[in-house]
Amino acid sequence: MTLAAPDPDDSALCQSCGACCSYSSNWPRFSTEDDEALEAIPARYVNERQSGMRCDGERCSALTGTVGQLTACAIYQLRPDVCRSCLPGDPECAMARRRFKLPALPD
């Protein structure tokens, strides 16, 4: 999957949020990654079934920081497609932000 480079403003929005990475332990599932991409993800971040990211409760184990304040992804360059496809202001982002009572972003 080829994605456009993120807008610098998008990156800043995500780093002050992290809601999508803490929304659900079922969300960070692997689906369209090839074997090479999956093998690049450090094993400590992959769940027991090898079907997605390991979560601590609902929060992805690769997320660092405090949701709604300052966050980062420990494997940003290696993150799975499901993480790459959630974009600031899209429906998935809005759903996750609502859960954490964060204001909506413009689409």
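It should be emphasised that the depicted structure is a prediction, and the values quoted were computed from it without experimental measurement.
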K.L.:
Would you give the length of the straight line joining atom CZ of Arg79 to atom CZ of Arg84, rounded to the nearest 0.5 angstrom?
P.N.:
4.5 Å

K.L.:
Arg29: which residues meet the side-chain hydrogen bond (donor to acceptor under 3.5 Å, both in side chains) condition with it, sequence neighbours left out?
P.N.:
Ser51

K.L.:
Measuring from atom CG of Asn47 to atom CG of Asn26, what distance do you get when rounded to the nearest 0.5 angstrom?
P.N.:
10.0 Å

K.L.:
Say whether, by atom type as modelled, one donor and one acceptor occur between the side chain of Thr64 and the main chain of Ala72 under 3.5 angstrom.
P.N.:
yes

K.L.:
Could you state whether Phe100 and Leu63 fall into the same hydrophobic cluster, counting links through intermediate Ile, Leu, Val, Met, Phe, Trp or Tyr residues with side-chain heavy atoms under 4.5 angstrom apart?
P.N.:
yes

K.L.:
Check whether Arg99 reaches the backbone of Ala96 with its side chain - one donor and one acceptor, N or O, closer than 3.5 Å.
P.N.:
no

K.L.:
What's the spacing between Trp27 CH2 and Met53 CE if we round to 0.5 Å?
P.N.:
14.5 Å

K.L.:
Side chain of Arg97, backbone of Ala19: donor and acceptor closer than 3.5 Å?
P.N.:
no

K.L.:
If you compare all heavy atoms of Asp81 against all heavy atoms of Glu33, which two are closest, and at what distance to 0.1 Å?
P.N.:
N-OE2, 2.6 Å

K.L.:
Sub-3.5 Å donor-acceptor pair from the side chain of Gln77 to the main-chain atoms of Ile75, do we have one?
P.N.:
no

K.L.:
For Thr71 versus Thr66, what's the shortest heavy-atom pair and its separation?
P.N.:
CG2-O, 3.3 Å

K.L.:
Mind listing the closest non-hydrogen atom pair of Cys17 and Leu102 along with its distance?
P.N.:
SG-CD1, 3.7 Å

K.L.:
Below 4.5 Å, heavy atoms only, C-beta onward: do Cys14 and Pro88 meet side chain to side chain?
P.N.:
yes

K.L.:
Which residue is it: Arg98, Met95, Glu58? I am looking for the one with a side chain to side chain contact (heavy atoms under 4.5 Å, CB included) to Tyr23.
P.N.:
Met95

K.L.:
Taking all non-hydrogen atoms of both residues into account, name the closest pair between Val82 and Pro28 and its distance.
P.N.:
CG1-CA, 3.8 Å

K.L.:
From Tyr45 OH over to Leu78 CG, what is the distance, rounded to the nearest 0.5 angstrom?
P.N.:
10.0 Å

K.L.:
At what distance, to the nearest 0.5 angstrom, does CG of Leu87 lie from CG of Leu105?
P.N.:
11.5 Å

K.L.:
Who pairs with Arg59 by salt bridge (charged side-chain N to carboxylate O under 4.0 Å, His left out), at least two apart in sequence or on another chain?
P.N.:
none

